[in-house]
Amino acid sequence: MPVTSEKIVSLQPDRPLLVRHLEDYVDGAQGPLALLVVQIRRGREFGTLFGFRKLEDVVQQIAERLGRACRHSDRILRIGEYEYALILPGLINEGHAVLAANKILRTLAEPMVIDKQRVSMGACIGVALCPDHAKLAEPLLHCAELARAEAERRGMAYAIYNESASTELASHWGIENELDQALEGGELETFYQAKISLEDGRLTGAETLVRWRSPTRGLVPPDKFIPVAMQSGQISALTWSVLNMALQQAGDWPTRFGPLPVSVNIAPTLLDDPNLVSRVADAMNVWGVRSNRLILEITESGIMRDPEQSFATLRRLTDTGALISIDDFGTGYSSLANFRNMPVSELKIDKGFVIDMLKNQGDEKIVRVIVDLAHTFRLSVVAEGVENQGILKALAGMQCDCAQGYYISKPLPADEFVKFIQDYRPPAM
Ligand code: C2E
Ligand code: CA
Ligand code: CA
């Protein structure tokens with residue numbers, strides 16, 4: 001039975017709507033409230049196993065359960081694919097919020113029936129209180145999201161916003177300021193990680209992975225500063241810098257295996273940049289890059305935010321001679337219909353499915369499904385996160401085309417990667 005209750009404000013993922021809604025509460029000074037951000041665990045696996053249509057079903061079922069756990073005055077909004085926000089007015093202290101979080105966890109813990117199969121999904125909740133933790137809408141949401149991330153990191157079902165989460169917030173600001181200096185001062189470096197053929201072990205290319213060699217912080221991994229750059233808008237300058245370094249350096253690679261294509265990560269937000277296509281075309285011209293030698297990796301979730309619009313941009317990108325690869329595939333809910341005319345040549349299976357595929361049957365099935373799907377649509381498929389020989393062999397047995405991972409090579413600085421190409425011997429398969 002569909003939920004018609006006024007408790008449910010929106011089931012379309014809409015974060016700005018939540019902020020506007022929260023503003024009404026905090027501006028009107030309607031007394032204290034708790035904001036809960038509820039992330040459904042294993043959500044992406046359901047997307048992959050049951051497909052896009054069933055996602056709607058799951059969204060509906062979850063909303064109904066949340067609705068039953070909430071009071072009349074509470075409000076529920078969906079803010080991400082598998083993320084909901086709950087506004088709970090009148091909750092004064094942490095004790096009340098903990099009771100509410102536990103109630104929600106209990107209702108979500110019961111197995112659901114999807115496609116006649118019983119599946120269980122847990123949740124991970126972040127709690128922030130107004131006015132204790134923040135008095136305005138955006139900061140309050142940020143506190144709840146930090147708490148949610150903290151809960152996930154510590155493997156807990158819920159967490160309440162606290163000081164250590166706020167320290168992280170401060171470090172976020174510090175990084176943003178220093179990143180300007182890093183971009184201007186040439187502190188960003190490109191590392192390269194090999195991709196090999198699972199047919200004969202030969203090198204087939206490499207992925208560019210950026211690092212920040214900071215005078216104060218040491219070698220900073222991208223997970224620490226890419227998300228900051230995406231929020232601040234610095235991602236644009238960062239990407240052009242990485243793209244140019246990659247094309248220049250790849251031009252000097254030894255040609256033992258022919259001219260190797262280089263892959264560069266493109267943040268999904270750049271799909272909205274009107275200069276994206278001309279920037280890529282210019283960089284290819286400057287470095288004399290031929291067709292099919294540059295691969296642009298864009299995450300599936302980024303593309304699927306607005307498939308029609310994304311495909312139009314991707315099509316114009318392929319006119320430059322660049323190839324498109326869908327990164328982190330399996331986590332973004334492509335529907336089969338999207339595959340009909342997707343201007344893409346490669347799928348990269350998210351390493352989250354590959355790393356444990358020998359231990360986890362569900363992961364193994366997902367990898368197999370993605371390989372078959374790619375081949376049905378004549379796309380090449382790359383598995384990343386190949387950490388041992390067993391995984392390499394299993395992937396070769398599934399006819400997966402290419403592999404990337406620590407078993408073959410870690411990401412290497414530019415000069416070491418040149419040596420790697422010179423000395424490369426295919427691994428035992
Ligand atoms: P990604 O594009 O999915 O890159 C693959 C990540 O998996 C890399 O982490 C790589 O070092 C790691 N990896 C490769 N093989 C294995 C393995 O066998 N086991 C494990 N556990 N991990 C493996 P890295 O370099 O830390 O990059 C993390 C993420 O940062 C990338 O994920 C990408 O989303 C982002 N990133 C890196 N460079 C850039 C860039 O130039 N631009 C943008 N927009 N994003 C970037
Ligand atoms: Ca990538
Ligand atoms: Ca990836």
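We count ligands from 1, going down the list as the structure has it; atoms in each ligand are counted the same way. These numbers come from a predicted model, not from an experiment.
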For the Ca ion (ligand 2): the N/O/S atom of [X] at shortest distance:
X      : answer
Glu297 : OE1
Glu207 : OE2
Asp327 : OD2

So, [X] and [Y], do they make that salt bridge, N to O below 4.0 Å?
X      : Y      : value
Asp372 : Arg368 : no
Arg118 : Glu110 : no
Lys348 : Glu384 : yes
Arg15  : Glu83  : no
Lys359 : Asp356 : yes

Quiz item: For the Ca ion (ligand 3), what is the closest N, O or S atom on Asp328?
Solution: OD1
Self-check item: Cation-aromatic face contact Arg211/Phe191, 6.0 Å, 45 degrees
Solution: yes
Quiz item: Is the distance between the Ca ion (ligand 2) and the nearest N/O/S atom of Ser263 smaller than 3.0 Å?
Solution: no
Self-check item: the Ca ion (ligand 2) to nearest N/O/S of Glu384 less than 3.0 Å
Solution: no
Quiz item: With a 4.5 Å heavy-atom cut-off, do Arg293 and Leu323 have their side chains touching?
Solution: no
Quiz item: Is there a side-chain contact between His21 and Tyr25 (heavy atoms, below 4.5 Å)?
Solution: yes
Extract all N/O-N/O pairs under 3.5 Å that connect ligand 1 to the protein, and present each with both atom names and the distance rounded to 0.1 Å.
unit_1   : atom_1 : unit_2 : atom_2 : d
ligand 1 : 2 (O)  : Glu207 : OE2    : 3.1
ligand 1 : 2 (O)  : Asn265 : OD1    : 3.2
ligand 1 : 2 (O)  : Asp327 : OD2    : 3.1
ligand 1 : 3 (O)  : Asp328 : OD1    : 3.4
ligand 1 : 3 (O)  : Glu384 : OE2    : 3.3
ligand 1 : 7 (O)  : Lys351 : NZ     : 3.1
ligand 1 : 15 (N) : Gln193 : NE2    : 3.0
ligand 1 : 18 (O) : Tyr406 : N      : 2.8
ligand 1 : 19 (N) : Glu387 : OE2    : 2.5
ligand 1 : 21 (N) : Glu387 : OE2    : 3.0
ligand 1 : 22 (N) : Tyr406 : OH     : 3.3
ligand 1 : 25 (O) : Arg211 : NH1    : 2.8
ligand 1 : 25 (O) : Arg211 : NH2    : 2.9
ligand 1 : 38 (N) : Val210 : N      : 3.1

Exercise. Check whether any side-chain N or O of Glu300 sits under 3.5 Å from a backbone N or O of Gly330 as a donor-acceptor pair, and report yes or no.
Key: yes
